[in-house]
Amino acid sequence: MKILYTTQDVTNWREENGSDTIGFVPTMGALHEGHLSLVDQSKAENNHTLVSIFVNPTQFNDPQDFKNYPITVDADLQLLSALSVDAVFVPSVQEMYPDLLKESFHVPILTETLEAKMRPGHFDGVITIIRKLFDLAQATKVYLGEKDFQQLSIIQSWVKKEKRAEIIVPCPTFRESHGLAMSSRNVRLSAAGREKACLIFKILQEVKSQKNLQSPPELEIWARSEFHLFPAFQLEYFEIIDAQTFAPLADWEDSEHPLAVVAAFLEGVRLIDNMRL
Ligand code: AMP
């Protein structure tokens, strides 16, 4: 497995592999089985797989969240090496942002709602780094998790709008056995917190099972009230939306692809999840 530190290293590696198909998995590290499922899929579908590990400062709206973000590069490299990944790009901040303060790229897509509303500037930072990484990787396919559904949708829209060549491959959410969606931030939860956190999955499942019995607004009210029964959770939002337009649903007939989306703090850790209904 090659470890690439500079943008020039990636350009050279890319040239060595010429017209072979390249699968790319961008991550912020602290890898878990969710990330590895994306890597497995990339390996199955491409000649070579490139993974990037970069905690991107421009996408953190909360400086404390950036400071606390887990960094486990040595363990990550061991996991990727065991999967025989071809190359891993682990750049420094200076390498990706020679002039950090001047870097900003606004995406006028889905910017009014949910994650964009709760985390101002977050998706501008995501697209700023994705654009740089995509330009370097020149990948055939890029593997992104449905766990971050709005991020996936924004990147898909941006790729389409910019007429980029990469094919975006959405990958299903990998969960702990009790249902908690895997996330790098979960390591900041206590053991008891991890148990409690499965409430998110239970509520999503219950909403799904009630679909034909109650309207979307009724189910939103029910789900929010369930969270309020557990003061350990500070709910940011629970909404039922159309998975393509992100419009809130008044009626099931308004959408062929209804999606429940949720964000909540538990033990100071922000958890997000979603489920197709
Ligand atoms: P991150 O390191 O959190 O930026 O995530 C890197 C990629 O892994 C993103 O495309 C995420 O959506 C995806 N990902 C994160 N958690 C999961 C999960 N539990 N299941 C599947 N994909 C995930």
Side-chain angles (χ1 to χ4, degrees), residues 23-45 49-62 65-66 68-73 75-77 79-80 83 85 88-91 93 96 110 114-116 119 122-134 137 139 141-159 166-189 194 197-198 200-201 204 243 259 261-263 269-276:
F24 178 42
V25 183
T27 81
M28 297 207 297
L31 300 182
H32 50 69
E33 285 175 76
H35 295 114
L36 301 185
S37 69
L38 273 54
V39 172
D40 281 340
Q41 196 171 338
S42 170
K43 281 184 56 81
E45 296 178 359
T49 289
L50 170 68
V51 176
S52 65
I53 298 176
F54 181 63
V55 183
N56 173 34
T58 65
Q59 73 187 68
F60 284 83
N61 54 308
D62 174 0
D65 187 27
F66 180 53
N68 292 336
Y69 201 84
I71 296 181
T72 58
V73 179
D76 294 347
L77 293 176
L79 286 170
L80 296 172
L83 290 184
V85 163
V88 187
F89 181 39
V90 275
V93 172
M96 293 314 285
L110 295 178
L114 305 173
E115 290 299 286
R119 303 185 66 189
H122 168 61
F123 289 120
D124 293 349
V126 168
I127 292 292
T128 303
I129 194 66
I130 280 292
R131 192 168 59 135
K132 286 170 186 265
L133 291 171
F134 279 24
K141 294 185 177 180
V142 180
Y143 296 81
L144 299 174
E146 289 184 343
K147 155 87 170 33
D148 300 283
F149 198 89
Q150 194 170 2
Q151 167 174 281
L152 167 67
S153 301
I154 288 177
I155 296 174
Q156 280 176 319
S157 305
W158 172 76
V159 161
E166 294 90 354
I167 297 167
I168 302 294
V169 183
C171 302
T173 301
F174 220 80
R175 297 178 181 281
E176 308 275 1
S177 54
H178 61 19
L180 172 63
M182 288 190 180
S183 163
S184 303
R185 289 184 177 86
N186 292 354
V187 297
R188 291 170 46 208
L189 293 172
R194 277 191 181 219
C198 67
I200 298 173
F201 181 64
L204 285 168
L259 181 79
V261 285
V262 52
V269 181
R270 190 167 183 277
L271 303 171
I272 60 169
D273 204 346
N274 64 80
M275 188 176 283
R276 289 181 185 277

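One-based numbering, in listed order, for ligands and for the atoms of each.
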Could you check whether any side-chain N or O of D273 sits under 3.5 Å from a backbone N or O of F201, counting only pairs where one atom can act as donor and the other as acceptor? no
Side-chain donor or acceptor of H32 paired with backbone N/O of F174 under 3.5 Å: no
Using a 6.0 Å cut-off, check whether atom CD of Q156 has over 12 heavy atoms from anything other than its own residue. yes
Donor-acceptor contact present, side-chain Q150 to main-chain L110, <3.5 Å: yes
Got the residues with a heavy atom under 4.0 Å of ligand 1, by chain and number? P26, T27, M28, H32, G34, H35, L38, Y69, L144, G145, K147, D148, P172, T173, F174, M182
Could you tell me whether the side chain of S184 and the main chain of A30 form a donor-acceptor pair under 3.5 Å? yes
Do the ring planes of F60 and F66 sit parallel (below 30°), tilted (30 to 60°) or perpendicular (above 60°)? tilted
